[in-house]
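Numbered from 1 within each chain, the chains take letters A, B, ... in sequence-line order. Quick caveat, the model's predicted, so the values are computed rather than measured.
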2 protein chains.
Amino acid sequence: MQAQKDAVQLLKHAGLRVTPQREAILQFLLDYDGHATVDDIYTSLQDRFPSMSVSTVYNTVKQLSQVGLVKEIGVGDGASRFDINVEPHHHLVCTRCGALFDFYLEEPIRLSVPPEAEGFEVEDYHVEVRGVCPRCKKQQVS
Amino acid sequence: MQAQKDAVQLLKHAGLRVTPQREAILQFLLDYDGHATVDDIYTSLQDRFPSMSVSTVYNTVKQLSQVGLVKEIGVGDGASRFDINVEPHHHLVCTRCGALFDFYLEEPIRLSVPPEAEGFEVEDYHVEVRGVCPRCKKQQVS
DNA sequence: CTCCCTGCAAATCCTTTGCATACAG
DNA sequence: CTGTATGCAAAGGATTTGCAGGGAG
């Protein structure tokens, strides 16, 4: 099976031990269309791994994100979400329903740092655009 | 006293009832140099309002941010922070020490939204730049 | 064989909620 | 007066931690 092998390879290549749980979690994220929360992962894998604990999911996603296989995105309140898309990209967040969409910047940001932060070494940045998604716009009383 | 009056005026102007706690909280934020957490506010006002409860602080900052007197910023993990600077601006976050700096964009972002989000109505956006602040850079073992 | 991962439960942190009382307008 | 804010305590959700046993390399 191609997909399963991918997860294993990715883990090995990242220098992580390959355990059934890790493989399943990574595979789940690879297949998942969207941005999964820890709970999404945990719940969805209950069938196959009834004994898997939440902390394992937390441990795993934390390590996956440390080795750069996934990206943690924490927008607004509630649970963090995990994104298999590790390319630099950003997010639209619907303030009504919480939906999350990826988007890309047409050009990189240019920032002017204040004197106190002179010399700040930028590692990464993330743009969170808040607004109303098309679906919620339609449902608005007009 | 000039400063105290400011807080009262701001509250009145925003249509909020003026209570001693609200006045103190808003005043604290006006004077605070940085981005205070609920706990910062709560702790700092313990002297003057030993009986003030945490929920009052939460209630108050929530309302202040609803009327636009402060801005809530939630970066990464941990507690939300509140910013008296309500102009559109963005933040540098130090991944080592958690320090937070304001910055401004030299020009607004231009985004390309994906087809699924066609028609997304942008209300606001916030850029979170992660990296190493000058102080932490110096302390790095070199 | 060794060390890391897992599972479990408890703990922690941040935030919200319900309700009775007190106070601003 | 009336309605809202306050204080208190308890609940809630997300995440972390400690520890013993199990499995990967």
A.B. asks: First and last nucleotide of DNA chain C touching chain A, 5' to 3', heavy-atom cut-off 4.0 Å?
C.D. replies: dC3(C) to dA9(C)
A.B. asks: Taking 4.0 Å as the cut-off, does a side-chain nitrogen or oxygen of S53(B) come that near to OP1 or OP2 on dC8(D)?
C.D. replies: no
A.B. asks: Scan for ring pair (Phe, Tyr, Trp, His ring centres under 6.0 Å) pairs involving residues 36-77 of chain B, sequence neighbours excluded, and state none if there are none.
C.D. replies: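 Pairs touching residues 36-77 of chain B that pass the test: none.
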A.B. asks: Look for any protein N or O under 3.5 Å of an N or O in nucleotides 12-15 of chain D and output each such pair with its distance, or none.
C.D. replies:
unit_1, atom_1, unit_2, atom_2, d
dT15(D), OP1, S80(A), N, 3.0
dT15(D), OP1, S80(A), OG, 3.3
dT15(D), OP2, Y58(A), OH, 2.7
dT15(D), O5', Y58(A), OH, 3.3

A.B. asks: Please list every donor-acceptor pair under 3.5 Å in which a side-chain atom of residues 128-136 of chain A meets a protein atom from a residue at least two apart or in another chain.
C.D. replies:
unit_1, atom_1, unit_2, atom_2, d
E128(A), OE2, R130(A), NH1, 3.1

A.B. asks: Can you sort out the partners of N85(B) under side-chain hydrogen bond (donor to acceptor under 3.5 Å, both in side chains), two or more places apart, ordered by chain and number?
C.D. replies: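 N85(B): side-chain hydrogen bond (donor to acceptor under 3.5 Å, both in side chains) contacts with D102(B), Y104(B).
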A.B. asks: I'd like to check the ring pair (Phe, Tyr, Trp, His ring centres under 6.0 Å) partners of F101(A); sequence neighbours left out, ordered by chain and number.
C.D. replies: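 Residues passing ring pair (Phe, Tyr, Trp, His ring centres under 6.0 Å) with F101(A): none at all.
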A.B. asks: Who passes ring pair (Phe, Tyr, Trp, His ring centres under 6.0 Å) against H91(B), sequence neighbours left out?
C.D. replies: H35(B), H89(B), H126(B)
A.B. asks: Quick one: side-chain hydrogen bond (donor to acceptor under 3.5 Å, both in side chains) partners of S65(B), sequence neighbours excluded?
C.D. replies: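 Residues passing side-chain hydrogen bond (donor to acceptor under 3.5 Å, both in side chains) with S65(B): none at all.
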A.B. asks: To the nearest Å, how far apart are N59(B) CG and dC8(D) P?
C.D. replies: 14 Å
A.B. asks: Write down the protein N/O and nucleotide N/O pairs, taken from nucleotides 18-23 of chain D, whose separation is under 3.5 Å; answer none if there are no such pairs.
C.D. replies:
unit_1, atom_1, unit_2, atom_2, d
dG23(D), N2, R17(A), NH1, 3.1

A.B. asks: Need the bend value for the helix from dC1(C)-dG25(D) to dG25(C)-dC1(D): angle between end axes, 5 pairs each end, nearest 10°.
C.D. replies: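 That helix gives 50° between its end axes.
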A.B. asks: What pairs with E123(A) under side-chain hydrogen bond (donor to acceptor under 3.5 Å, both in side chains), at least two apart in sequence or on another chain?
C.D. replies: T95(B), R96(B)
A.B. asks: Hey, does the side chain of Q63(B) come within less than 4.0 Å of dA5(D)'s phosphate (OP1/OP2), counting only N and O?
C.D. replies: yes
A.B. asks: Other hydrophobic cluster members with V86(A), side-chain heavy atoms of Ile/Leu/Val/Met/Phe/Trp/Tyr under 4.5 Å, chained?
C.D. replies: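 Taking Ile, Leu, Val, Met, Phe, Trp and Tyr as members, V86(A) stands alone, with no cluster partners.
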